[in-house]
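Hydrogens, waters and symmetry mates are skipped; everything else that's a heavy atom, side chains included, is used. Here is how names work: the chains are called A, B, and so on, in the same order as the sequence lines, proteins then strands, and each is numbered from 1.
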Number of protein chains: 4
Amino acid sequence: MRLRVLADSTIPIYEQIVSQVVFAIAAGDVSSGELVPSVRDLSQQLLVNPNTVARAFQELERAGILESRRGLGMAVTAEAPKLCAGRRKEIVRGHVRDALRAAAAAGLSAPDVHELVDDEWPRLAPRNGRAESSR
Amino acid sequence: MRLRVLADSTIPIYEQIVSQVVFAIAAGDVSSGELVPSVRDLSQQLLVNPNTVARAFQELERAGILESRRGLGMAVTAEAPKLCAGRRKEIVRGHVRDALRAAAAAGLSAPDVHELVDDEWPRLAPRNGRAESSR
Amino acid sequence: MRLRVLADSTIPIYEQIVSQVVFAIAAGDVSSGELVPSVRDLSQQLLVNPNTVARAFQELERAGILESRRGLGMAVTAEAPKLCAGRRKEIVRGHVRDALRAAAAAGLSAPDVHELVDDEWPRLAPRNGRAESSR
Amino acid sequence: MRLRVLADSTIPIYEQIVSQVVFAIAAGDVSSGELVPSVRDLSQQLLVNPNTVARAFQELERAGILESRRGLGMAVTAEAPKLCAGRRKEIVRGHVRDALRAAAAAGLSAPDVHELVDDEWPRLAPRNGRAESSR
DNA sequence: GTGGTCTAGACCACG
DNA sequence: GTGGTCTAGACCACG
């Protein structure tokens, strides 16, 4: 499981970690029962304070996605894949909703938004497989 | 100029005010030279701390969209319509970019995002002119 | 709202704060819409680090019991009284269940447990109103 | 001596092991001079880290309940039955005291607690001899 | 080794 | 003024 955080994002680091763990599990990168990297390892890998990672893990535990195996670390729960699939959808949906609210308030139409999406998508990451896709 | 503020939104209130003033000017609801409501009036109308309105106005002044008329209040500048048209675009584009970033991190494709947009758009506000639109 | 924490308890301080806020709301000491003491005030009153109080508030917020009023502080939600009544019951029930599990594993009977309760109850606090009560 | 450990309990595993050995001896399931299962055997039987079992045995040794027989393993001491009878009582009493503290903090009365006990006792384990008992 | 709690204190956004 | 995030680092229980 390879994570990345952007220190200068407006999104808190611990929340970025939460999302990325959710995405990794939803994508099947980590399976139920597997241990995620330890707080210490992950904090070194991400160049982030251990407390920040611990906070992300705590949230994931309360969400039923991780469970602590005493003395071993944090493991992916049996329900995690299902929970993460749903959560992934909701995270993205929330951001889309925000964008649409702004677009509507600005007086744009649905086609306007679609145009913006097609305009911005290719500019995102270096290579996003299906970025230039269809439509 | 009629503004609305969502107290429970994750978007800061002052930023909501800024955006709505920008949108109102870009839409031609308020014209160059017209006065906007006073900090006091607007804060009462929106049930919001006067400091919050003041901060929004300050930001609009720094952006060259509003200018203070001594003894009268804040007025829409001559350049405001042009500035607001551009800014409106950037505000929306910024939110769209956020949504795309989340979508990409979640492993979605461009078509997935378009689907989400079509899914969410009709659910927005009660009345959104072209909400049931085309495509 | 007057809270007390026991620094030497095995129960984490932040959890003690959570429970006591829940109990105070369930008891009607604080009502929906009221602000609870600020993180800073409470941390001074309890002689505890502000972070510890903040963590308790965070939990209460995620539980839907408190909500942050931006710039003002944390307020008791409309649903809090109902939530707290239920939660209070579950907190106590959990402790009772623990005790019964131990009692059963030790081979005690229900009457044995009742006897223990009557034996221990009066020894609790200095004065507990109905402590010497009935039965 | 048949022990059971609940991996998801909030009570540390080593403490569960200590309690169950104490209860078994107090109940006369194992007698003075008898050997208890080896750390290795017990850890395999309970699916638990050997260190955890070792720690439990260490504690039981310090309490004078077990003593090591060089080359043979750990044996129940002569004083164990008496010690365990007392300790069993204190273990249960401690849990009861915890429950009462929570109940008192929640504003419950002694009758309330008795009611909770009668409510929860039958729900405990499948077979608890006198669970449906009297009162 | 693992995570959990807590302190101390900085810095920030918001109002 | 308010809460939110983050760092740094100590200490502890558990395994």
Residue-phosphate contact under 4.0 Å: C/Y14 side-chain N/O, E/dT5 OP1/OP2: yes
message: Under 4.0 Å, heavy atoms only, any strand: does A/E67 hit a base, just the sugar-phosphate, or nothing?
response: nothing
query: Rounded to whole angstroms, how far apart are CZ on C/R40 and P on E/dA10?
result: 13 Å
statement: Stem ranges of DNA chain E by first residue number, counting only runs of at least 3 Watson-Crick or G-U pairs under 3.5 Å, come to E:1-14 with F:1-14
message: Quick one, D/R4 with D/R2, criterion side chain to side chain contact (heavy atoms under 4.5 Å, CB included). Give me CA distance, side-chain angles, the key distance, then yes/no.
response: CA-CA 7 Å; D/R4 293 193 118 226; D/R2 196 110 212 110; 5.7 Å; no
task: Examine E/dT2: is either OP1 or OP2 under 4.0 Å from a nitrogen or oxygen in the side chain of A/S68? Give yes or no.
output: no
statement: Between CZ of D/F57 and P of F/dG15 the distance, given in whole Å, is 15 Å
- request: Tell me what C/N49 touches on the nucleic acid: a base, only sugar-phosphate, or nothing, going by heavy atoms under 4.0 Å.
  value: base
query: Taking for each residue the nucleotide of DNA chain F with the nearest heavy atom, is it C/S38 or D/V48 whose nucleotide lies nearer the 5' end?
result: C/S38
message: Any heavy-atom pair between the side chains of D/V36 and D/M74 that's under 4.5 Å?
response: yes
- prompt: Rounded to whole angstrom units, what separation is found between the CG atom of C/L66 and the P atom of F/dT2?
  reply: 15 Å
message: Testing D/V18, D/I17, D/I65, D/L66 one by one against D/E59 for a side chain to side chain contact (heavy atoms under 4.5 Å, CB included), which residue passes?
response: D/V18
task: Grab the CG-P distance between A/L6 and F/dT5 for me, whole Å please.
output: 17 Å
field: Separation of atom CD in C/E59 from atom C1' in E/dG4, rounded to whole Å
entry: 12 Å
query: Looking for any heavy atom pair under 4.0 Å, which part of the strands does D/E15 touch: base, sugar-phosphate only, or nothing?
result: nothing
query: Side chain of A/V39: nearest nucleotide among F/dG4, E/dG3, E/dC6?
result: E/dG3
message: Are the side chains of D/R101 and D/D98 in contact, using a 4.5 Å heavy-atom criterion?
response: yes
task: Could you point out which residue of B/V21, B/V5, B/T52 forms a side chain to side chain contact (heavy atoms under 4.5 Å, CB included) with B/Q16?
output: B/V5
Heavy atoms from other residues, nucleotides or ligands near CZ of C/R62 exceed 12 (cutoff 6.0 Å): yes
- prompt: Taking for each residue the nucleotide of DNA chain F with the nearest heavy atom, is it D/I13 or A/P12 whose nucleotide lies nearer the 5' end?
  reply: A/P12
message: In this structure, how many angstroms lie between the C1' atom of E/dC6 and the CG atom of C/L42, rounded?
response: 16 Å
- prompt: Of all heavy-atom pairs between C/I91 and C/H95, which one has the smallest distance, and what is that distance?
  reply: O-CD2, 3.1 Å
task: Indicate whether OP1 or OP2 belonging to E/dC14 is found under 4.0 Å from a side-chain N or O atom of B/R55.
output: yes
message: Using heavy-atom distances to pick each residue's nearest nucleotide on DNA chain E, tell me which of A/L72 and A/N51 is more 5'.
response: A/L72
field: Rounded interatomic separation in angstrom, taking CD from A/Q44 and P from E/dG3
entry: 12 Å
query: Could A/R87 and A/E90 be called an ion pair, given the rule that one side-chain N must be under 4.0 Å from one carboxylate O?
result: no
message: What is the distance, to the nearest angstrom, from the CG atom on A/L46 to the P atom on F/dT7?
response: 10 Å
